[in-house]
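None of the values given here were measured: they were computed from a predicted structure. Lettering follows sequence order; numbering is per chain, from 1.
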There are 4 protein chains.
Amino acid sequence: MDGNKSKESKRELITEAAIQVFSRKGYHHSKMEEIAVEAGIGKGTIYEYFPSKLQLLRDIMEQSYRLYDHTLHLTLAESTLEDKLEALIRGHLQFCQDNKDLTRILFLDTDVIDEELRQWAWQKKVQKEQYLQEMFAEAIRRGEIKPMDDRLLTIVIGGILMSFWGPIVMENWQVDPGVAAHQVNNMIMRGIKRDPMLD
Amino acid sequence: MDGNKSKESKRELITEAAIQVFSRKGYHHSKMEEIAVEAGIGKGTIYEYFPSKLQLLRDIMEQSYRLYDHTLHLTLAESTLEDKLEALIRGHLQFCQDNKDLTRILFLDTDVIDEELRQWAWQKKVQKEQYLQEMFAEAIRRGEIKPMDDRLLTIVIGGILMSFWGPIVMENWQVDPGVAAHQVNNMIMRGIKRDPMLD
Amino acid sequence: MDGNKSKESKRELITEAAIQVFSRKGYHHSKMEEIAVEAGIGKGTIYEYFPSKLQLLRDIMEQSYRLYDHTLHLTLAESTLEDKLEALIRGHLQFCQDNKDLTRILFLDTDVIDEELRQWAWQKKVQKEQYLQEMFAEAIRRGEIKPMDDRLLTIVIGGILMSFWGPIVMENWQVDPGVAAHQVNNMIMRGIKRDPMLD
Amino acid sequence: MDGNKSKESKRELITEAAIQVFSRKGYHHSKMEEIAVEAGIGKGTIYEYFPSKLQLLRDIMEQSYRLYDHTLHLTLAESTLEDKLEALIRGHLQFCQDNKDLTRILFLDTDVIDEELRQWAWQKKVQKEQYLQEMFAEAIRRGEIKPMDDRLLTIVIGGILMSFWGPIVMENWQVDPGVAAHQVNNMIMRGIKRDPMLD
DNA sequence: TATGAATGAGCATTCATTCAT
DNA sequence: GATGAATGAATGCTCATTCAT
């Protein structure tokens, strides 16, 4: 029954260990030795599966983004921007809660490592923003939301999404994704100002 | 008179050089040698003013936060939350534009260095959030904004502020702080959804 | 019937592969992995036949010397030194041409490996020189060649023999062993200086 | 008085130490640590003067060849080939005796290291041979020596020169360069065969 | 018997920090 | 004070060898 430790699962074992360590210490303070110990294997074994420490990080990053990309696709099932946005926020919160270590690496270490990785991460960010911006532009055209600078709106929404990982990952903020997403979506859609009409 | 290079100005010279280099390469890829060259002094001289590379970063961080704290105080001059928020956003945008290198270091390298610095930076963030949260709580009590989760609102607003440094610092996004702040503030206060009443 | 790969032939298979690789890359740059691939077998299998990389080299060296020793025995069939020498040179040239890879290993890697192997190779060289030196001493006694320092003559002749492997192995120098041996032998026996008697 | 340990002499110090160690152990078995200890300095200091272990070897090789090239120039002062050859052999013997460690590195490690160094060393060898071959061709034309294959003669003479370093360096063979050179030159010029005319 | 995944001793190299001048 | 040559602890990576299957 131990046979499920196939070649693929050994790779995953290393990846898991690396995620733990990278998340705990950050890339530069993580030693290959420590990752090996965490995985319960020898140092050299890592190099049977990954050619270098940097490539190990890259693989983790790419795997993470593939996982995360799923979040964006949640918007496709909805028709109105309001529903799309809520689905997006909910999915994002869920991802952060389900993959704390990954989130930490993804949003923390990204920009500090090497130029190629930096480029890659930036491109990912741009792609995501283009997707969102088009979504907003279309909603403006459709008249669902007010006429406004779609670029600025993209930046703002992107920032809001980013804002959650800190509390969730660093402070272990417990939150129901559905509830929080609804509240946040309400803020965005209807604003926070008290409606004087209600008085 | 070479003596105008007083003790204090030599310290600043090093700090400036370090900001350049840290910003350009990130902390871990910055060499003390390079900082010295950038400052036009000898490598050993840095150690006359700063006990270590890490402490040099800490000093820069602290100095930056002192500078940035000023932004928060801009809210004090305003009475309504709407005005406070706009002043805050405007001040933040201004700071990012005026101190790109500092911003990069502040929001990029912060969490990856050492545990103590990580704690310190987190504490700064918490302090800022407490200030904002109280501001929001008071506005809710006062009835200026709708009843809502002030913690969640704080996170959202914090995220929006953070969202700007990327475009400004990395993409050299040119924006008029006054105009952008007003637009963003409008989004937050009145929401983005088109008012059906207007139809 | 795959069984024609007997124990002995598998050993030879490995030896052949090792000769190829050692010759191509030199001992230190040759990887056991590469030798295994060259032999078309698994890495571990080599260790069924040779206890270590170094021992594999030693075996090749010893085998080579056994093969080469034959060259020296060619002198036995001749009576005069002149004929012995020509046979020796011819045999040496033939050996270099027929066993380029072996020659390369034999004369290139010998001394750089480990102390024991160095000793062994040196001893082989000394044995060969003793054989030659005795041959010369006897020829001097017999009056076939002039009275001279037989030690010095041995060194000179040894050097001449060594001089051929470079051009043959490294530059792929094509030469007829019989013709070249005759020419070289003539140089040695009669000198290169033009005989003034002939004028 | 310690001030003569200038930047240049520290470089030499390292070079000397490296020559010792490389000569004793061969390149691949020499550790940077050991070279540092031999030089009485810290390991890191070597890297202040040489960018890598390989470059350290290269520098030594080049320096050696510059020193050795001098030997070839000794032939220029002589007019007849006989005198040129004797000067060459004498210079060669002298060089081997005076620079045993260097000789060992030069004639032992050359071909086993890296491709670029291999090329470089081969080119040096070719240059030397071209010089000799032209010298011989000219002597043939002039009628000082018999008509013969000048390429073959070059190989033979090159081999004879090479033959000396083994006994001198490995067996500490004590020889008077002048005397030995004269004897060897006689062998080459007049041959070893007893002149039947003398009977 | 054959295999190749796993191992870890071993080594070149980096760079923050020191200290003699 | 200012300097930069010297240092060595720290670490990523290699590859001969082992051993479970």
Side-chain angles (χ1 to χ4, degrees), chain A residues 2-3 5-7 10-11 14 28-37 39-56, chain B residues 2-3 5-7 10 28-37 39-56, chain C residues 2-3 5-7 10 28-37 39-56, chain D residues 2-3 5-7 10-11 14 28-37 39-56:
Chain A
D2 208 317
K5 282 286 164 70
S6 69
K7 195 150 186 174
K10 179 66 75 79
R11 215 185 133 89
I14 294 170
H28 279 108
H29 287 116
S30 299
K31 318 287 163 234
M32 290 304 260
E33 174 75 45
E34 193 177 352
I35 294 172
V37 169
I41 59 173
K43 207 187 342 172
T45 308
I46 299 176
Y47 288 89
E48 295 284 324
Y49 295 86
F50 300 91
S52 71
K53 187 185 173 187
L54 186 55
Q55 194 56 50
L56 178 53
Chain B
D2 208 318
K5 284 285 166 67
S6 71
K7 194 155 187 174
K10 179 71 74 82
H28 278 108
H29 289 116
S30 299
K31 320 276 167 254
M32 292 301 262
E33 175 73 45
E34 194 177 353
I35 294 171
V37 169
I41 60 171
K43 208 186 338 176
T45 309
I46 299 176
Y47 288 87
E48 297 288 325
Y49 296 87
F50 300 91
S52 73
K53 187 186 176 186
L54 186 55
Q55 193 55 51
L56 177 53
Chain C
D2 208 318
K5 284 284 166 68
S6 71
K7 194 155 187 173
K10 181 72 76 82
H28 278 108
H29 288 119
S30 299
K31 319 279 167 251
M32 291 301 262
E33 174 73 44
E34 196 177 353
I35 294 170
V37 169
I41 59 171
K43 208 185 341 174
T45 309
I46 299 176
Y47 288 88
E48 296 288 326
Y49 296 86
F50 300 91
S52 73
K53 186 184 175 188
L54 186 55
Q55 193 56 50
L56 178 53
Chain D
D2 207 316
K5 284 286 166 70
S6 70
K7 195 151 186 174
K10 178 68 72 78
R11 215 186 132 88
I14 294 169
H28 279 109
H29 287 115
S30 299
K31 318 289 161 234
M32 290 304 260
E33 175 74 46
E34 195 177 354
I35 294 171
V37 169
I41 60 173
K43 206 183 344 170
T45 307
I46 299 175
Y47 288 88
E48 295 285 322
Y49 296 86
F50 301 91
S52 70
K53 187 185 174 188
L54 186 55
Q55 194 57 50
L56 178 52

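- Residue C/Y49 places at least one side-chain N or O under 4.0 Å from the OP1 or OP2 atom of E/dA2.
- Each of B/G42 and A/L54 was assigned the nucleotide of DNA chain F with the nearest heavy atom; the assignment lying further toward the 5' end belongs to B/G42.
- If you check F/dT14 for Watson-Crick or wobble pairing at under 3.5 angstrom, you find it paired to E/dA9.
- How far CD of C/Q55 is from CD1 of C/I46: 14.0 Å, rounded to the nearest 0.5 Å.
- Here the closest heavy-atom approach between residue C/K53 and residue C/S30 is recorded as NZ-O, 2.8 Å.
- For A/M32, counting side-chain heavy atoms from C-beta on, the closest listed nucleotide (F/dA5, F/dT17, F/dC13) is F/dC13.
- Closest-nucleotide positions on DNA chain F for A/K31 and C/Y47 were compared, and the one nearer the 5' end corresponds to A/K31.
- One can place CD1 of A/I46 at 12 Å from C1' of E/dA6, the figure rounded to the nearest angstrom.
- Taking NZ from A/K43 and CE from A/M32, the interatomic distance works out to 10.0 Å, rounded to the nearest 0.5 Å.
- For the atom pair CD1 (C/I35) and CZ (C/F50), the distance works out to 9.5 Å, reported to the nearest 0.5 Å.
- Each of B/G44 and D/S30 was matched to the nucleotide of DNA chain E holding its nearest heavy atom; the match closer to the 5' end belongs to D/S30.
- What separates CZ of B/F50 from C1' of E/dT18 is a distance of 18 Å, to the nearest Å.
- Rounded to an integer number of Å, the gap from D/I35 CD1 to E/dT13 C1' is 13 Å.
- Classified by interplanar angle (parallel below 30°, tilted 30° to 60°, perpendicular above 60°), the ring pair C/H29/D/H28 is perpendicular.
- Rounded to an integer number of Å, the gap from D/E34 CD to E/dG10 C1' is 14 Å.
- Regarding B/K53, its NZ atom lies at a distance of 8 Å from the P atom of E/dT17, rounded to whole Å.
- When rounded to the nearest whole Å, the span between CD of D/E48 and P of E/dT14 equals 11 Å.
- What separates CD1 of A/I14 from P of E/dA5 is a distance of 12 Å, to the nearest Å.
- Applying the 4.0 Å criterion to OP1 and OP2 of F/dG4, one finds that B/K43 has every side-chain N and O outside that range.
- Along DNA chain E, the nucleotide closest to B/S52 and the one closest to A/T45 are compared, and the more 5′ of them pairs with A/T45.
- Put simply, CD1 on B/I41 is 12 Å from C1' on F/dG1, counting in whole angstrom units.
- Within the shown strands, E/dT18 is the pairing partner of F/dA5 under the Watson-Crick or G-U definition, both distances less than 3.5 Å.
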